[in-house]
Amino acid sequence: MKGTFYITTPIYYPNDIPHIGHAYTTVACDVLARWHKLNGEEVFFLTGTDEHGRKIEQAAEKNKKKTMDFVNELIPKFKDAWQKLNIGYSRFIRTTEPEHYAVVTEMLNKSFANGDIYLGKYEGNYCTGCEAYYTEKELDDGCCRIHKTKAELISEETYFFKLSAYREKLLELYERVPHFIMPHTRMNEIKNRLKEEIHDLSISRTSFSWGIPLPFDNKHVTYVWFDALANYLTGVDYPGENYAKFWPAVHLVGKDILWFHSVIWPAMLMSAGIKTPRRVFAHGWWTFDKEKISKSRGKVINIDELIAIAGVDAARYFLLRETTFGQDGDFSTEALLKRRDADLANELGNLVSRTLTMCEKYCEGKVPAPGTLDAEDKAVIAKAQEICKKVPEEMEAFNLSGALNTIWELVKLLNQYVDKTAPWVLAKEGKTDKINSVFSVLTEAIRITAVLVSPFIPETGEKILGQLGLDGKAQLGQGYEKLAGWGVLAPGTVIKKGAVLFPKDKTNAK
RNA sequence: GCCGGUGUAGCUCAGUCGGUAGAGCACGGGAAUCAUAAUCCCUAGGUCGGGGGUUCGAGUCCCUCCGCCGGCACCA
C-alpha cells in the first residue's frame, strides 16, 4: 500500500432534488477517489446527507409525517442518483445516525471544556412567519421574501463558538500549508477576509428541536456547524481505526461553502485538538444555457435528465472537461452532445474502432509482437510515456480538466499516427514487419489511454480494456506504475472488438 | 463602498525570468478510405481594453482611465 487518501463531498440537504450541482461535486470526488485507488492508495470516499434543522422539521410537518420517516423517504433519491452516475463511495453518511450524535457530542464537550463555547445573545432579523433569522442580503428592503412582512430585530439566548480566537491560527495554517485552500485565488479571498475582524459563531438554537441537543444544556439544539461539519469525522468512525488510518481529509466543496470548510471547520478542529484537513478545494458553479440555475424558473437539470442526454460517461466527461476545474461553466444539451460526438465518439471511440478492425484484418485479431521500431513508432511510445508522467502531476494539483486535455493529446497523436502510417497501404505492399510494429504500438497506447481515462469514465475504460482482450477490473487493480509502463499487453492476446463505444445516432444512450 | 481578479484571433482561452504573438473550437480549401461520413493536412496578418511611463526592447513591469467578473460568510 502506498498510503491513504480520504476525500469527501459536502453532505447534501435531502429536501433538494439531486441536480447537476450535486452531481458535479460528487463526480469530481469519484474521479479523484478512483485515481488514487488506481495509484495504489487505500481510499476512503465519503458522501451523505445533512438531515437536521428547521427546514426539514417544517417540511415534515407540512407533509404530516414524522420527521424521521419523512427524511428516510428522501434518502433513496440520492443513493439512486449516485448509483446511476457510477459513484463508488465508501460510505453514505446520514447526520441522523446514532454514531454521529456521539461524535458531535464529543466535539462540543471538548470545545466547551476548552472554554471556546460560551452562552450569549444572538441578535438578528427574525421573520415570525418563517421562524428563522435572515441576513440583510436575504431580505428585500427589510422584508422576508416569502411572507413579504417586515423582519423583526430580536435577540435570543444562544451558545457561541469563539471563532474570533482562531483568526491568527488560521492564518498560520494557510502559511504552513500553501495549498490548503485551492484554487489559489480562493485562498487569497479567505486570507483577505480574515485580515479583518471576525465574529464568533452562534452554534445553537432553541427555536426548533430536530437536531442534536447540546450536551451541557439540552434546552439548546446544535445549529448547523458542529452538526453538519462533524460528519467528516463520523464518516471515518472517529476516534476509531478508520480515523487513525484516513484522517485528515480532502474536502471538495462548491465555492459557496468554502468559508465554512476553510475557516469554521478548521477552527472547530483546532479547538477540539484534532488535526486540520489536508486540503479544501472549491469548485465553480454551472449555469444552464448561460442562466443561473434556478428551480423556480425551471433552469435545473436533474440527474436523470443529465444521464438521458448522452449516457453516464459522456455526462461525467463533459462535467470535467468542459470547464477548467475550479472555474464556473455553462451547461447546455448542445455542448454536451458536441463533447460526446467530437471527443468521445469521433476521436476516442473511432480510434479504438478503426484500430481493432484493422488489427482483425491485418494481424489475425491478435496483438502482434512488434517488428523493428523506427523513429515514428518510437516517437509515439515516448509521447505516451511522457503523458503517463504528466497526468499524475495534474491529478495531484486537482487539475482534472488539465489531465483530460493531456490524455487527449495522446488520443489525437494516435489518430495522426494511424493516418501517417496508413496500415491499409502497408497491407497492400505486404510490409508485415511495419504492420506488426504499428499495431503493437497502437494497441499498447490504447491500453494506456484506457487506464488513464478510467477514473473519469470508468465504464468506457473497462470496455476498452475488454476489447483489447484484458479483464478490465482486474487490470486496474494492478497499480499505476505497472499499468503506465510500456509493453504490458502481451503479444498474442486475442482482441475482442465489441460494440461501438459512443454511438451518435441515438440521443438516448440508455 | 472595501478587497481581489480580469480584458489577447469569430468563440473559449495559453502566454513561463520583459526580446517584436499561440492552442482548441467554428469557418474555408485539400488528402485519404482502416473506421461511428469518423480521420489527417493546410489556411488566423489580431492597434494583445484606452492613454501615459520605465527600457535598446513590454500582452509580459509601473501609473492612470474604462469595461467585465468574483469575494465581503451564521446565505442549513
Side-chain angles (χ1 to χ4, degrees), chain A residues 10-16 50-57 95 122-124 132-139 158 160-161 163 183-196 198-205 208 210-211 222-225 227-229 255-264 282 284-285 322-324 327-330 335 338-339 341-362 401-402 405 408-409 412 414-427 438-439 442 497 499-506:
Chain A
I11 42 176
Y12 304 116
Y13 212 59
N15 228 0
D16 288 342
D50 175 18
E51 306 182 4
H52 289 309
R54 186 186 51 83
K55 279 189 188 169
I56 290 283
E57 193 178 66
T95 53
Y122 178 73
E123 200 179 64
Y133 289 98
Y134 289 109
T135 56
E136 296 277 335
K137 266 191 177 178
E138 293 174 283
L139 298 169
T158 126
F160 282 89
F161 171 67
L163 184 61
H184 193 248
T185 50
R186 299 288 167 201
M187 174 81 108
N188 289 339
E189 282 176 14
I190 297 288
K191 274 186 186 169
N192 283 332
R193 176 73 184 92
L194 272 185
K195 279 176 188 152
E196 294 159 31
I198 54 171
H199 299 293
D200 287 344
L201 196 69
S202 163
I203 58 157
S204 73
R205 286 293 125 101
F208 63 89
W210 181 241
T222 309
Y223 186 55
V224 270
W225 318 114
D227 185 346
L229 290 165
K255 61 184 182 180
D256 56 326
I257 52 172
L258 177 60
W259 175 262
F260 312 153
H261 286 80
S262 61
V263 176
I264 296 175
W285 282 128
E322 185 70 0
T323 289
T324 303
Q327 302 193 317
D328 291 349
D330 180 58
K338 196 174 157 193
R339 281 287 176 198
D341 290 350
D343 299 4
L344 295 174
N346 295 351
E347 292 186 331
L348 177 61
N350 188 49
L351 170 69
V352 172
S353 177
R354 68 198 301 209
T355 300
L356 294 186
T357 300
M358 288 190 282
C359 200
E360 281 178 344
K361 269 193 202 168
Y362 308 139
S401 45
N405 276 317
W408 251 255
E409 280 178 37
K412 287 176 188 197
L414 295 179
N415 273 320
Q416 288 166 10
Y417 178 65
V418 172
D419 281 314
K420 222 184 280 173
T421 54
W424 49 94
V425 176
L426 297 173
V438 168
F439 286 99
L442 278 174
K497 185 172 189 278
V500 156
L501 291 169
F502 295 95
K504 289 187 292 183
D505 45 343
K506 296 172 209 148

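Please read these numbers as outputs of a predicted model, since none were measured by experiment. Order of the sequence lines fixes the chain letters, A, B, ..., with proteins taken first and strands second; residue numbering starts at 1 for each chain.
rA73(B) takes the syn form, because its glycosidic angle lies no more than 90° either side of 0. Nucleotide rG59(B) is shown with a syn base, its glycosidic torsion being within 90° of 0.
Base contact: Ile11(A) has a heavy atom under 4.0 Å from a base atom. Counting any heavy atom pair closer than 4.0 Å across all strands shown, Arg205(A) reaches a base atom. Thr357(A) comes within 4.0 angstrom of sugar-phosphate atoms only, judged by non-hydrogen atoms across all strands, and of no base.
Between Lys361(A) atom NZ and rA35(B) atom C1' the separation is 9 Å, expressed in whole Å. Rounded to a whole Å, the CD1 atom of Ile257(A) is 13 Å from the P atom of rC72(B).
In terms of polar N and O atoms assigned as donor or acceptor, the side chain of Asn346(A) never comes within less than 3.5 Å of the base of rA38(B) in a complementary pairing.
Separation of the C1' atoms belonging to rG46(B) and rU55(B) is 25 Å when rounded to the nearest angstrom. Only the C1' atoms considered, rG24(B) is 30 Å distant from rC61(B), to the nearest whole Å.
For the pair Gln416(A) and rC41(B), the criterion of a side-chain N or O lying under 4.0 Å from OP1 or OP2 is met. Phosphate proximity of rG70(B) to Lys255(A): absent, as no side-chain N or O sits under 4.0 Å from OP1 or OP2.
Nearest-nucleotide positions on RNA chain B place Glu189(A) closer to the 5' end than the other of Glu189(A) and Ile264(A). Toward the 5′ end of RNA chain B lies the nearest nucleotide of Arg354(A), the other residue of the pair Arg354(A) and Asn415(A) mapping further downstream.
A donor and an acceptor atom, one from each side chain of Ser202(A) and Thr158(A), are located under 3.5 Å apart.
The shortest side-chain heavy-atom distance between Met358(A) and Leu442(A) does not fall under the 4.5 Å cut-off. Residues Trp259(A) and Leu194(A) are in side-chain contact: their nearest non-hydrogen atoms beyond the backbone lie under 4.5 Å apart.
If you look at Phe260(A) and Trp225(A), their ring centroids are closer than 6.0 Å.
Ionic pairing of Arg186(A) and Glu189(A) is present here: one or more N-O contacts between side-chain nitrogen and carboxylate oxygen are shorter than 4.0 angstrom.
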